[in-house]
Chemist: 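Before I ask anything, here is the structure I am working with.
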Number of protein chains: 2
Amino acid sequence: MTTIDGPVSIGELAKAASTQVVTIRYYERIGLLPSPRRTPGNYRTYDREQVFRLRFIRRCRDLGFTLDQIRDLLRLSARKEQDCTDVDRLAAAHLEEVEKKIADLKRLAAELHRLNNCCEGGGRIADCRIIDALSH
Amino acid sequence: MTTIDGPVSIGELAKAASTQVVTIRYYERIGLLPSPRRTPGNYRTYDREQVFRLRFIRRCRDLGFTLDQIRDLLRLSARKEQDCTDVDRLAAAHLEEVEKKIADLKRLAAELHRLNNCCEGGGRIADCRIIDALSH
DNA sequence: GCTTGACCCTATAGCGGCTATAGGGTGCAG
DNA sequence: CTGCACCCTATAGCCGCTATAGGGTCAAGC
């Protein structure tokens, strides 16, 4: 995690937030990042605040939040004087979703396990239990 | 699971394989299902074999195989005299992927759990530990 | 015969979250 | 002044559908 001091180019921002340049432009287009100032040569320049904002976004993405949820979190995080019930709720709801997904995948893995165990290998396709099982 | 005897319409096929009509047309467009015969009124008509094929596809989808993997499985399942090593390999690789995804999500859930536990709720956004943690 | 309604047809655009490609311009070093 | 790394815009593509617009077909009931 490098420290940022002055205004930086989009490439430097990308590096500082472990993002790709195209992704930053994409976030700008969909309104997740504000349009930054431009140099006389029409290059984007970012200040410290945008670096923090992008890092926040990436951290949330890493945790599996959708861009819409992140939009909410950003909006909420700006209202410093309001209480944080909504933030708590959002995070809890997301955790619940993730745990549901894990449960789904576990059931799936169990079924795939059964599938894989039913074929000893080396036989003909015509006798393959996997194909058979997939056909019901 | 209903039995199918004669040629059926796309709607009946959809019902018989728990699919949506649009999805069937989509599968046809991408070459996963063959173009069926048409009635004089230009309606698609399917026979038993296509019902089995579509059920096979849906079953694979339920197990999380991609359409490309299913294309392979269909191709393999047609070569009845060849040995089924490739089928075994495909299924095993898929299981491995699913298990990796489960592991990833578990790590994620653990982190979200820590996140949720660090905020007692009721405070101001300015003091919210979740927002804080998301900001690094 | 005429209407109603369920079903079918094609073509096209949209979802999320990027990624890739084409076809250029900028800025700095040698 | 040339080469190169970087930047710009606009557009299309990825997966696996889903939705929408604008029609045609077919059987039943009047």
Chemist: Roughly how many Å is it from CG in Asp68(A) to P in dC15(C), rounded to a whole number?
Modeler: 11 Å
Chemist: Taking NZ, NE, NH1 and NH2 as the nitrogens, is one of them in Lys80(A) or Asp127(B) under 4.0 Å from a carboxylate oxygen of the other?
Modeler: no
Chemist: Produce a footprint string for nucleotides 17-23 of chain D: one letter per nucleotide, 5' end first; B if the base is under 4.0 Å from any protein heavy atom, S if only the sugar-phosphate is, - if neither.
Modeler: BS-----
Chemist: Should Val22(A) and Tyr26(A) count as side-chain neighbours, where that means a heavy-atom distance under 4.5 Å?
Modeler: no
Chemist: Rounded off to whole Å, could you give me the CZ-to-P distance for the Arg37(A) and dC7(D) pair?
Modeler: 17 Å
Chemist: Please determine if a side-chain N or O atom of Arg25(A) lies less than 4.0 Å away from the OP1 or OP2 oxygen of dC8(D).
Modeler: yes
Chemist: For Phe65(B) and for Ile10(A), locate the closest nucleotide of DNA chain D by heavy-atom distance; then report the residue assigned to the nucleotide nearer the 5' terminus.
Modeler: Ile10(A)
Chemist: To the nearest Å, how far apart are Glu28(A) CD and dG17(C) P?
Modeler: 18 Å
Chemist: I'd like to know if Lys101(A) pairs up with Asp104(A) as an ion pair, taking the criterion as any Lys NZ or Arg NE/NH1/NH2 lying under 4.0 Å from an Asp or Glu carboxylate oxygen.
Modeler: no
Chemist: Atom CG of Leu63(B) and atom P of dG16(D): how far apart are they, to the nearest Å?
Modeler: 14 Å
Chemist: Does the distance from a Lys or Arg side-chain N to an Asp or Glu carboxylate O, for Asp62(B) and Arg59(B), drop under 4.0 Å?
Modeler: no
Chemist: Whole-Å distance between dC26(D) P and Arg44(B) CZ?
Modeler: 15 Å
Chemist: Rounded to the nearest angstrom, tell me the gap between atom CD1 in Ile24(A) and atom P in dT9(D).
Modeler: 13 Å
Chemist: Heavy atoms only: give me the nearest Asn42(A)-Arg38(A) pair and the separation to one decimal.
Modeler: O-NH1, 3.1 Å
Chemist: Starting at atom CG of Leu54(B), determine the distance to atom P of dG16(D), rounded to an integer number of angstrom.
Modeler: 15 Å
Chemist: Looking at Ser9(B), does any N or O in its side chain come under 4.0 Å of the phosphate oxygens OP1/OP2 on dC8(C)?
Modeler: yes
Chemist: Which pairs, protein N/O on one side and nucleotides 26-30 of chain C N/O on the other, fall under 3.5 Å?
Modeler:
| from | atom 1 | to | atom 2 | distance (Å) |
| --- | --- | --- | --- | --- |
| dT26(C) | O4' | Tyr43(A) | OH | 3.2 |
| dT26(C) | O2 | Tyr43(A) | OH | 3.2 |

Chemist: Measure across Ala16(B) and Arg55(B) and return the closest heavy-atom pair with its distance rounded to 0.1 Å.
Modeler: O-NE, 3.0 Å
Chemist: With side chains defined as the heavy atoms from C-beta onward, is the minimum distance between Glu97(A) and Gln69(A) less than 4.5 Å?
Modeler: yes
Chemist: Testing the basics here: between Leu112(A) and Leu63(B), what is the closest heavy-atom pair and its distance to 0.1 Å?
Modeler: CD1-O, 4.2 Å
Chemist: Take the protein atom CG of Leu13(A) and the nucleotide atom C1' of dC6(D), then report the distance between them rounded to whole Å.
Modeler: 15 Å
Chemist: Applying side-chain hydrogen bond (donor to acceptor under 3.5 Å, both in side chains), run through Arg37(B) and Tyr43(B) and close with a yes or a no.
Modeler: CA-CA 8 Å; Arg37(B) 272 172 286 118; Tyr43(B) 284 17; over 6 Å; no
